Amino acid sequence: MSGVIVTNPPKAELKDVDVLAGFGVATVSEAMGRTGLLGPGIRPVQQGVRVAGTAVTVLSWPGDNLMIHAAVEQCGEGDILVVTTTSPCTDGLFGELFATALQQRGVRGAVLNTGIRDTQELRDMGFAAWSRAISSQGTVKATGGSVNVPIAIDGQVIRPGDVVLADDDGVVVVPRERVRETAEKSEAREAKEAATRAAFVEGQLGLDRYGLRETLQRLGVEYRTYEEQQEQGA
């Protein structure tokens, strides 16, 4: 497997990334029309952490972390490392030593469509990571791959410089051209949810706030007393 290492790809502006970091993964995905989410198999190794950064992408051979070493050189302030392999792999491609090198370069976290190890050490050092699996299985450094090329995880294309936002709910990718638009839509969505939350605190029901009684009626859903239902079942 040959490959390429692309240097200095275009990236979203960090000031815009930081605005987007104020919103949760679910809010941002909804703001983009329920798109951008990686699958539920990518889970955090920590809890209560949200990070957003610009993607440095890695395409590796299964069981081989050579290209992660190559990617470290391409990483800088505000980046998030995003790794996948040419076929499914749950080996522990990433651990505490990689995190140490990345943290020194200002990298905000890592998302791996593979296994990860040294999870306690990662939590202790405050390096945020999301992965497909937890595995102590070691790897080799023997096969070429690519850095900063478009990759796909769970059918979602991630390009270098796109924004990756991750929290306890999962991971979402925002195309770099849509960061400001998505931040604005996320802010509007949060304002709407705040108004709904206040209404629920006052006792309003979702059935009434969202006009769902008419939907139930249109779908033929009936209200019956317990006695009426007993008679229907007799």
Side-chain angles (χ1 to χ4, degrees), residues 12-55 78 80 82 108-111 113 123 128-132 152-159 161-234:
E13 295 285 341
L14 277 184
K15 59 182 178 61
D16 297 326
V17 175
D18 290 342
V19 171
L20 205 59
F23 306 104
V25 165
T27 295
V28 169
S29 176
E30 293 280 357
M32 290 196 299
R34 298 180 183 174
T35 63
L37 288 173
L38 304 193
I42 305 290
R43 302 303 306 151
V45 302
Q46 67 285 309
Q47 291 291 303
V49 174
R50 180 191 298 158
V51 297
T54 46
I80 290 183
V82 186
R108 295 177 175 181
V111 174
N113 190 29
R123 288 190 290 271
W130 287 254
S131 69
R132 176 73 59 184
I153 299 176
D154 295 333
Q156 177 63 49
V157 175
I158 305 124
R159 302 169 304 162
D162 285 346
V163 175
V164 175
L165 173 68
D167 62 17
D168 289 348
D169 291 338
V171 181
V172 65
V173 178
V174 182
R176 58 180 180 265
E177 303 89 351
R178 297 186 60 189
V179 174
R180 291 185 184 179
E181 165 202 347
T182 301
E184 291 172 359
K185 290 182 177 179
S186 296
E187 184 176 8
R189 182 172 181 83
E190 282 212 337
K192 181 179 179 182
E193 288 185 350
T196 299
R197 188 178 301 110
F200 286 172
V201 167
E202 293 176 357
Q204 186 177 18
L205 296 174
L207 284 173
D208 299 313
R209 186 167 185 83
Y210 301 134
L212 297 178
R213 295 190 189 279
E214 292 81 1
T215 301
L216 291 175
Q217 186 177 24
R218 175 171 53 81
L219 294 174
V221 179
E222 300 179 3
Y223 282 87
R224 293 175 185 165
T225 65
Y226 178 79
E227 290 78 11
E228 291 170 338
Q229 180 64 13
Q230 291 297 100
E231 291 176 2
Q232 287 288 330

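Numbering of residues begins at 1 and proceeds along the displayed sequence. Since the model is a prediction, treat every value here as computed from it, not as a measurement.
The pair E13-K15 fails the salt-bridge criterion, with no side-chain N (NZ, NE, NH1 or NH2) lying under 4.0 Å from an Asp/Glu carboxylate O. Under a 4.0 Å N-O distance rule, the pair R218/E214 does not qualify as a salt bridge.
Taking NZ of K185 as the reference point, atom CZ of R178 lies at 6.0 Å (rounded to 0.5 Å). Atom CE of residue M32 and atom OG of residue S186 lie 8.0 Å apart, to the nearest 0.5 angstrom. Of the inter-residue distances, the one linking R108 atom CZ with I80 atom CD1 reads 7.5 Å to the nearest 0.5 angstrom. Of the inter-residue distances, the one linking E30 atom CD with K192 atom NZ reads 10.0 Å to the nearest 0.5 angstrom. With rounding to the nearest 0.5 Å, the separation of CG in L38 from CG in N113 is 8.0 Å. Distance check, rounded to the nearest 0.5 Å: CG of L37 to CD1 of I42 gives 12.0 Å.
Looking only at side-chain heavy atoms (C-beta outward), L216 and Y223 come within less than 4.5 Å of each other. At a threshold of 4.5 Å between non-hydrogen side-chain atoms, the residues W130 and Q46 count as touching. Considering only heavy atoms from C-beta on, F23 stays 4.5 Å or farther from T182 through its side chain. Within the 4.5 Å cutoff, the side chain of V173 has no heavy atoms near those of the V82 side chain. The shortest side-chain heavy-atom distance between I153 and I158 falls under the 4.5 Å cut-off. Looking at R132 and D154, their side chains come closer than 4.5 Å, going by heavy atoms from C-beta outward.
In plain terms, the two heavy atoms of G24 and D167 that are nearest each other are CA-OD2, 3.5 Å. Among all heavy-atom pairs drawn from G161 and T54, the shortest one is O-CG2, 3.9 Å. Residue R43 comes nearest to D168 through the heavy atom pair NH2-O, 2.7 Å, listed as atom of the first residue, atom of the second, then distance. Nearest heavy-atom pair across V164 and A55 is CG2-CB, 3.9 Å. A199 approaches R209 most closely through the heavy-atom pair CB-NH1, 3.4 Å. Heavy-atom minimum distance, V19 versus A183: CG1-CB, 3.9 Å.
Annotation for R34: atom CZ does not count as buried by contact number, only 12 or fewer foreign heavy atoms lying within 6.0 Å. Shown here is Q204, whose CD atom has more than 12 heavy atoms of other residues, nucleotides or ligands within 6.0 Å. Heavy atoms from other residues, nucleotides or ligands lying under 6.0 Å from CZ of R180 number 12 at most. With a 6.0 Å radius and a threshold of 12 heavy atoms from other residues, nucleotides or ligands, E190 has its CD atom above the threshold.
Here the side chain of R159 pairs no donor or acceptor atom with the backbone of P175 at under 3.5 angstrom. Judged purely by atom type and a 3.5 angstrom limit, R213 has no side-chain atom pairing as donor or acceptor with the backbone of D208.
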